[in-house]
There are 2 protein chains.
Amino acid sequence: MRLLLVEDDLELQGNLKKQLMLENYSVDVASDGESGLFQGTEHPYDAAIIDIGLPIIDGISVIKALRDKQFTFPIIVLTARDSWQDKVAGLDAGADDYLTKPFHPEELTARLNALIRRSVGQASPVIENGPISINTKSMSVSVDGSDVSLSSYEYKLLEYLMLHINEVKSKTVLTEHIYDQDFDLDSNVIEVFIRRLRKKLDPESKYGFIETLRGQGYKMKAFTV
Amino acid sequence: MRLLLVEDDLELQGNLKKQLMLENYSVDVASDGESGLFQGTEHPYDAAIIDIGLPIIDGISVIKALRDKQFTFPIIVLTARDSWQDKVAGLDAGADDYLTKPFHPEELTARLNALIRRSVGQASPVIENGPISINTKSMSVSVDGSDVSLSSYEYKLLEYLMLHINEVKSKTVLTEHIYDQDFDLDSNVIEVFIRRLRKKLDPESKYGFIETLRGQGYKMKAFTV
DNA sequence: TAAAATGTTCAGGTTACGTTCAGATTAAAT
DNA sequence: ATTTAATCTGAACGTAACCTGAACATTTTA
């Protein structure tokens, strides 16, 4: 974990850096707003600690500038003054937390840990297979980068196949996994949905995503890109 | 945004609830740890505010229990005592932030806003998506640079969708996050508000911001500028 | 207190989707 | 080569899900 610490009080800066390094962080320091902002845009930080009262450029402006440039790492504001307006201004500028000096170093590290824990988070729920990509969270599908809109059941079927790439799935199995209650198995719904999927995903049949294994079922072919 | 407020001082509870509702939050309250814990497990909250000193079950235990049960919404701890050990204990139990009484209500709402934004991966209080831009602080909305005035519920709905861009949200989920107490789910309020939003944000339907996924819900489409 | 704005319900119109069907194609079996 | 069964394919249909304008109810503002 790499941190940026922007603090003009050199004694405090040194102490905090020491404490943070004890907690196994890598720490870069800056002593004024300008170089803090520069550093923040140049390196990939996991979090930043920024004093409000800084030479050249004040802390609030640094935070605003970073957020404007779409940097999203967590930021903790340090404020010497015990004025709640300052804290609110910091949070409104895009900071995630603040600490009022003086504070116990344990407080800083506890908050840092909580913030960083939260800012990392869920892996992206995307399944890819060659030109096909599906996002299970947004239930969206794209082929060769362009979106394809599927109906509910079309999507369910595709998702199941994408989750079992290269496995042959019989119509019975597909039916069971797509419908909750048991369903009339004499129906040809699966055939119809497979047809519609093929048409939507691959109108010119140039890929042949879904293979038919007569008597056995269907298979989503694996593409080694 | 739906909040849970657990506070046994009824006067403070009332004041905070009023203040939070002014900020357009839907607020459920509890006055002891036991019912707070129960409520927290029963409804889908976007954040919780929990006092440390509570009857029946103390705040720390409530937080621990919620985190044990895998609830991940942000939690802010209120502490009457000015002891940093208490704060650290709260954070270690799984809280994301704390406030020491007495505090200014503005501080609470500023921190809440920041936390909720952060919890959905949004660092800045301004959320942009193609031609739409909303400011979660001033609750103002603009499309193509010109202001659009929304009613309270219209805004709540839009904000929730903007905080979850590209995610499909069912009418049930939308209802739960927009209203506090449970609400008649047979109603078609969501449909009506979606309709009004579409009309106000995109009168000529040239953008199609909000997509309908039949049987699943609505989705705020991501615009890659 | 009246008027305006907002929230909520209602009812009828519209459409997308799931489902079925029937005939055409294809592959396997004899 | 002929038969048979499995799959393909386009189209049709009925039904919820959704849309939509307006009415009614409630809260806020003047």
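By convention in this document, chain letters (A, B, ...) are assigned in the order of the sequence lines, proteins followed by strands, and residues within each chain are numbered from 1.
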Test side chain to side chain contact (heavy atoms under 4.5 Å, CB included) applied to B:Arg111 and B:Leu115, step by step = CA-CA 6 Å; B:Arg111 290 184 158 238; B:Leu115 269 180; 5.5 Å; no
request  = Please work out whether the ring planes of B:Phe73 and B:Phe71 are parallel, tilted or perpendicular, with thresholds of 30° and 60°.
outcome  = tilted
message = Taking any heavy-atom pair under 4.0 Å as a contact, classify B:Tyr218: base, sugar-phosphate, or nothing.
response = sugar-phosphate
inquiry  = Would you say A:Ser151 places a side-chain N or O within less than 4.0 Å of OP1 or OP2 belonging to C:dA16?
reply    = no
inquiry  = Do A:Val189 and A:Tyr179 make a side-chain contact, defined as non-hydrogen atoms from C-beta onward lying under 4.5 Å apart?
reply    = yes
remark   = Once base and sugar-phosphate atoms are separated, protein heavy atoms under 4.0 Å mark nucleotides 23-30 of chain C, 5' to 3', with B, S and - as ---BS---
query = Are the side chains of B:Val168 and B:Tyr218 in touch, meaning some heavy atoms are under 4.5 Å apart?
reply = no
request  = Just compare D:dC18, D:dC19, C:dT9 and give me whichever is closest to any side-chain atom of B:Lys171.
outcome  = D:dC18
message = How about NZ on B:Lys64, more than 12 heavy atoms from neighbouring residues, nucleotides or ligands closer than 6.0 Å, or not?
response = no
request  = State, with a plain yes or no, whether a side-chain heavy atom of B:Asp28 is found less than 4.5 Å away from one of B:Arg2.
outcome  = yes
query = Taking for each residue the nucleotide of DNA chain C bearing the nearest heavy atom, is the 5' side occupied by B:Phe193 or by A:Glu154?
reply = B:Phe193
Side-chain donor/acceptor of B:Lys101 to backbone N/O of B:Leu78, under 3.5 Å = no
ask   = Quick one: B:Gln216 CD to C:dA16 C1', roughly how many Å, whole number?
value = 13 Å
task = Can you tell me the distance, in whole Å, between the CZ atom of B:Arg195 and the P atom of C:dT8?
result = 19 Å
request  = Take atom NZ of A:Lys156 as the centre, draw a 6.0 Å sphere, and report whether it contains more than 12 heavy atoms from other residues, nucleotides or ligands.
outcome  = yes
ask   = Taking the nucleotide of DNA chain D with the closest heavy atom to each, which residue, A:Gly217 or A:Val192, is nearer the 5' end?
value = A:Gly217
task = Give the C-alpha distance, both sets of side-chain angles, the deciding distance and a yes or no for side-chain hydrogen bond (donor to acceptor under 3.5 Å, both in side chains) between B:Asp97 and A:Tyr98.
result = CA-CA 10 Å; B:Asp97 206 341; A:Tyr98 66 75; over 6 Å; no
inquiry  = What is the separation between atom CG on B:Leu213 and atom P on C:dT15, rounded to the nearest whole Å?
reply    = 19 Å
task = Take B:Glu159 and B:Thr136 through the test side-chain hydrogen bond (donor to acceptor under 3.5 Å, both in side chains) and record every step on the way to the result.
result = CA-CA 8 Å; B:Glu159 182 185 87; B:Thr136 59; 5.3 Å; no
request  = Determine: side-chain N/O of B:Tyr179 to OP1/OP2 of C:dT8, distance under 4.0 Å, yes or no.
outcome  = yes
remark   = Whether each nucleotide of nucleotides 24-30 of chain D has a protein heavy atom under 4.0 Å at its base (B), only at its sugar-phosphate (S) or at neither (-) is summarised, 5' to 3', as -------
message = Side chain of B:Tyr153, heavy atoms from C-beta onward: which of C:dT9, D:dC19, C:dT8 has the nearest atom to it?
response = C:dT8
note = Whichever of A:Thr212 and B:Arg196 has the more 5' nearest nucleotide on DNA chain D, that residue is A:Thr212
request  = Starting from C1' on C:dT8, measure out to CD1 on B:Ile190 and report it in whole angstrom.
outcome  = 12 Å
ask   = Using the ring of each side chain (for Trp, its six-membered ring), is A:Phe209 parallel, tilted or perpendicular to A:Phe223, with breaks at 30° and 60°?
value = tilted
message = With each end axis built from five pairs of C1' atoms, what bend angle do you get for the helix from C:dT1-D:dA30 to C:dT30-D:dA1? Round to 10°.
response = 30°
request  = Ignoring the backbone of B:Glu191, work out which of C:dG18, C:dT8, D:dC19 is nearest its side chain.
outcome  = D:dC19
task = Answer with yes or no whether the side chains of B:Thr109 and B:Gln19 bring together a donor and an acceptor at under 3.5 Å.
result = no
query = Is the number of heavy atoms from other residues, nucleotides or ligands under 6.0 Å of B:Phe38 CZ greater than 12?
reply = no
query = Expressed in angstrom and rounded to an integer, what is the separation of B:Arg198 atom CZ from D:dC18 atom P?
reply = 10 Å
ask   = Between D:dC18 atom P and B:Leu174 atom CG, what is the distance in whole Å?
value = 11 Å
request  = Look at B:Lys199 and D:dG21 and indicate whether a side-chain polar atom (N or O) is within less than 4.0 Å of OP1 or OP2.
outcome  = yes
message = Could you tell me how far apart A:Ile178 (CD1) and C:dT19 (P) are, to the nearest whole angstrom?
response = 10 Å
task = Using atom CG of B:Asn188 as one end and atom C1' of C:dC10 as the other, report the distance to the nearest whole Å.
result = 8 Å
query = Under 4.0 Å between a side-chain N or O of B:Ser187 and OP1 or OP2 of C:dT8?
reply = no
